[in-house]
Colleague: 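Pasting in a structure now, in structure tokens, and then I'll have a few things to ask.
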Amino acid sequence: FQALAFENSELLIKPNPANEIIPRDIHTSFRGVAQLQIVDVTGAIVIKEDINIVSESDSRFLDISKLHSGVYFVRISFESRSKVARMLKK
């Protein structure tokens, strides 16, 4: 499964809805440190991590098991750009 990908300037989350662990694959020409945040519907940041992107494809897993069921927003920011996508947690 492809979890997080910058395709045609969009951030895609797969699988969606998600369960406990989602693969976090980032495909981008950007190199450097990006910030990943998962934000709940109240705007609270519930997961935050820095990602060091050193190649065109960066693959890891993201544990979302501690999140309650509901709607979240995944934001990846790098340089002065950011991408946001909606994620449903089962």
Side-chain angles (χ1 to χ4, degrees):
F1 288 100
Q2 182 174 323
L4 308 174
F6 291 96
E7 292 179 2
N8 300 323
S9 300
E10 293 184 68
L11 176 58
L12 304 174
I13 308 293
K14 293 181 184 178
N16 196 5
N19 287 317
E20 295 183 5
I21 296 176
I22 58 173
R24 188 201 52 154
D25 296 333
I26 299 174
H27 303 281
T28 180
S29 60
F30 171 78
R31 302 292 180 273
V33 178
Q35 293 76 39
L36 180 136
Q37 297 177 340
I38 297 183
V39 180
D40 68 16
V41 292
T42 69
I45 299 170
V46 294
I47 294 178
K48 181 178 180 180
E49 69 177 46
D50 289 335
I51 304 165
N52 188 20
I53 301 172
V54 295
S55 66
E56 189 172 306
S57 280
D58 181 77
S59 299
R60 296 182 195 156
F61 289 94
L62 182 62
D63 182 359
I64 59 169
S65 62
K66 294 181 182 178
L67 299 180
H68 297 288
S69 296
V71 175
Y72 294 87
F73 298 93
V74 179
R75 177 187 309 136
I76 295 185
S77 303
F78 53 93
E79 295 177 339
S80 61
R81 297 176 281 177
S82 66
K83 301 289 179 185
V84 178
R86 184 178 170 271
M87 177 186 74
L88 181 61
K89 165 70 165 68
K90 286 186 188 178

Colleague: Going only through I, L, V, M, F, W and Y residues with side-chain contacts under 4.5 Å, is there a path from Ile45 to Leu67?
Modeller: no
Colleague: Could you give all pairs that pass the side-chain hydrogen bond (donor to acceptor under 3.5 Å, both in side chains) test and reach residues 64-73, with sequence neighbours left out?
Modeller: Asp63-Ser65
Colleague: State, to 0.1 Å, how close Ala34 and Ile76 come at their nearest heavy-atom pair, and which atoms those are.
Modeller: CB-CG2, 4.2 Å
Colleague: Who are the side chain to side chain donor-acceptor pair (under 3.5 Å) partners of Thr42, not counting sequence neighbours?
Modeller: Asp40
Colleague: Do you know the tightest heavy-atom contact between Ile64 and Ala18?
Modeller: CD1-CB, 3.6 Å
Colleague: Can Val39 and Val84 be said to form a side-chain contact (heavy atoms from CB on, under 4.5 Å), step by step?
Modeller: CA-CA 10 Å; Val39 180; Val84 178; over 6 Å; no
Colleague: Applying side-chain contact (heavy atoms from CB on, under 4.5 Å) to Leu62 and Ile38, what does each step give before you reach the verdict?
Modeller: CA-CA 11 Å; Leu62 182 62; Ile38 297 183; 3.7 Å; yes
Colleague: Nearest 0.5 Å, please: how far is CG in Leu36 from CZ in Arg75?
Modeller: 10.0 Å
Colleague: Quick check: closest heavy atoms across Lys90 and Asn19, and the distance to 0.1 Å?
Modeller: CD-OD1, 3.1 Å
